[in-house]
Amino acid sequence: MMFNYIYTTFLTILYTVVMSLSLSLYLKEREKNYLLVSLYFLLLILNGLIVTMSETFQIFANDYNRQFMVNPIIETIYYLATFGIALKLVTELFEEKITTYQYGIYIVFALWLIVVPFMANSALKVWLYYFPSQLLTVYLGIYLLIHNRKMIPKSSLGKYVKLIGSLAIFFGLAIVVEDTFISRVVFNQLLSLNKKRPKRPFYFHQNKCKINFKVKRNGMINPQPTL
């Protein structure tokens, strides 16, 4: 727990530094991409604060997770916002516009995040909720590698683009494997915890709503939602 707290705190500080630098560049040059980067890292910081509070205050963690299972609106907004910003930045990098099929991907992604929480209560639902975000991380990585050929050969920017694309693919696939093994374990633990509280309001909502659950992980596009 202490290691996770230190790690999360370090990432939050790092994100804050990057956001501050990007915001300074935006105020100086009025380039919209710098503003998008600032907003992107602001989302990561806010998510990191939730992670830290969940790992520090057990009461907050329990209440937040119960609310998340009933209606994962915070996570849904977070994933839609981060993917939308990332997609915009990636296309802007190659001086392209978001295409019709990419808008279609975004709409399907949004519908998926809205519909999956209404599925029956199971570990599969947990896995299905997070799976598209990792799939889209892999997609962005492949997009970077394919379009990297447009970069000036052997330029430093081209090397960074190739590295980021490769890391996106690797971490996207790695997190899918992690979720496959972890989702059932964590989900069963949560059910066991709530069975000890039959009078809590959660059970009223459980009978009326479909529930969802959040699993810890760290990644590039969706950095680290946590329990």
Side-chain angles (χ1 to χ4, degrees), residues 7-8 11-12 14-15 18-19 22 33 36-48 50-51 68 72 74-94 96 98-99 101-117 124-151 157-183 186 212-227:
Y7 178 71
T8 302
L11 285 180
T12 302
L14 180 62
Y15 295 155
V18 175
M19 184 192 73
S22 179
N33 286 340
L36 288 176
V37 172
S38 299
L39 292 175
Y40 183 85
F41 278 94
L42 177 61
L43 291 172
L44 301 190
I45 291 170
L46 294 176
N47 184 72
I50 294 177
V51 171
F68 176 85
I74 295 178
E75 289 299 305
T76 299
I77 293 175
Y78 170 78
Y79 282 119
L80 290 176
T82 52
F83 174 66
I85 294 174
L87 180 61
K88 180 63 176 178
L89 289 173
V90 168
T91 53
E92 286 283 341
L93 178 64
F94 301 107
E96 296 181 347
I98 298 178
T99 61
Y101 89 88
Q102 289 174 329
Y103 279 115
I105 291 175
Y106 189 84
I107 293 173
V108 171
F109 181 42
L111 292 175
W112 183 278
L113 294 181
I114 293 173
V115 171
V116 168
L124 176 61
K125 183 179 70 173
V126 179
W127 187 86
L128 288 175
Y129 182 83
Y130 290 108
F131 177 69
S133 62
Q134 306 313 322
L135 195 62
L136 292 176
T137 300
V138 175
Y139 164 75
L140 289 176
I142 295 174
Y143 185 92
L144 285 171
L145 293 181
I146 292 177
H147 288 72
N148 184 51
R149 291 174 295 180
K150 296 182 179 181
M151 293 295 194
L157 181 58
K159 293 178 181 179
Y160 284 121
V161 169
K162 184 177 180 179
L163 175 61
I164 293 174
S166 300
L167 289 176
I169 295 173
F170 172 78
F171 282 111
L173 295 175
I175 293 173
V176 170
V177 174
E178 178 192 29
D179 286 352
T180 302
F181 287 98
I182 291 180
S183 60
V186 179
N212 201 355
F213 184 68
K214 184 170 75 170
V215 181
K216 291 184 181 179
R217 67 178 175 276
N218 192 6
M220 175 184 169
I221 300 298
N222 45 334
Q224 47 187 3
T226 187
L227 172 62

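Start at 1 with the first residue, then count along the sequence. Everything numeric here is computed off the predicted structure, so don't read it as measured data.
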Q. Do Y143 and E96 get their side chains close enough for a donor-acceptor pair, meaning under 3.5 Å?
A. yes
Q: For residues Y103 and I98, report the shortest heavy-atom separation together with the two atoms involved.
A: CE1-O, 3.6 Å
Q) Without hydrogens or angle criteria, can the side chains of S133 and Y78 be said to hold a donor-acceptor pair below 3.5 Å? A) no
Q) Should the pair Y130 and Y79 be assigned to parallel (<30°), tilted (30 to 60°) or perpendicular (>60°) ring geometry? A) perpendicular
Q | Aromatic ring pairing Y101/Y139, orientation class (parallel under 30°, perpendicular over 60°, tilted between) | A | perpendicular
Q: Find out whether Y129 and T76 are in side-chain contact, i.e. whether some heavy atom of one side chain is under 4.5 Å from a heavy atom of the other.
A: yes
Q) Quick one: are T91 and Q102 in side-chain contact, heavy atoms under 4.5 Å? A) yes
Q | CG on L43 to CD1 on I77, rounded to 0.5 Å | A | 10.0 Å
Q. Quick one: CG on L135 to CZ on F109, what's the gap to the nearest 0.5 Å?
A. 9.5 Å
Q: Given side-chain contact (heavy atoms from CB on, under 4.5 Å), test Y15 with L42 step by step and report yes or no.
A: CA-CA 8 Å; Y15 295 155; L42 177 61; over 6 Å; no
Q. Just how far is it from atom CG of L145 to atom CD1 of I169, taken to the nearest 0.5 Å?
A. 4.5 Å
Q: Give a yes or no answer on whether the side chain of S22 reaches the backbone of V18 with a donor-acceptor pair at less than 3.5 Å.
A: no
Q) Which atoms form the tightest heavy-atom contact between V161 and F94, and what is the distance? A) CG1-CZ, 4.1 Å
Q) Roughly how far, to the nearest 0.5 Å, is the CG atom of L93 from the CG atom of N33? A) 9.0 Å
**Q.** Flag, side chain of W112 to backbone of L128, donor-acceptor distance under 3.5 Å
**A.** yes
Q | Point-to-point distance, once rounded to the nearest 0.5 Å, from CD1 of I107 to CG of L80 | A | 11.0 Å
Q: Determine yes or no for a side-chain-to-main-chain donor-acceptor pair under 3.5 angstrom, with E75 supplying the side chain and P72 the backbone.
A: no
Q: To the nearest 0.5 angstrom, please state how far the CG atom of L144 sits from the NZ atom of K162.
A: 13.0 Å
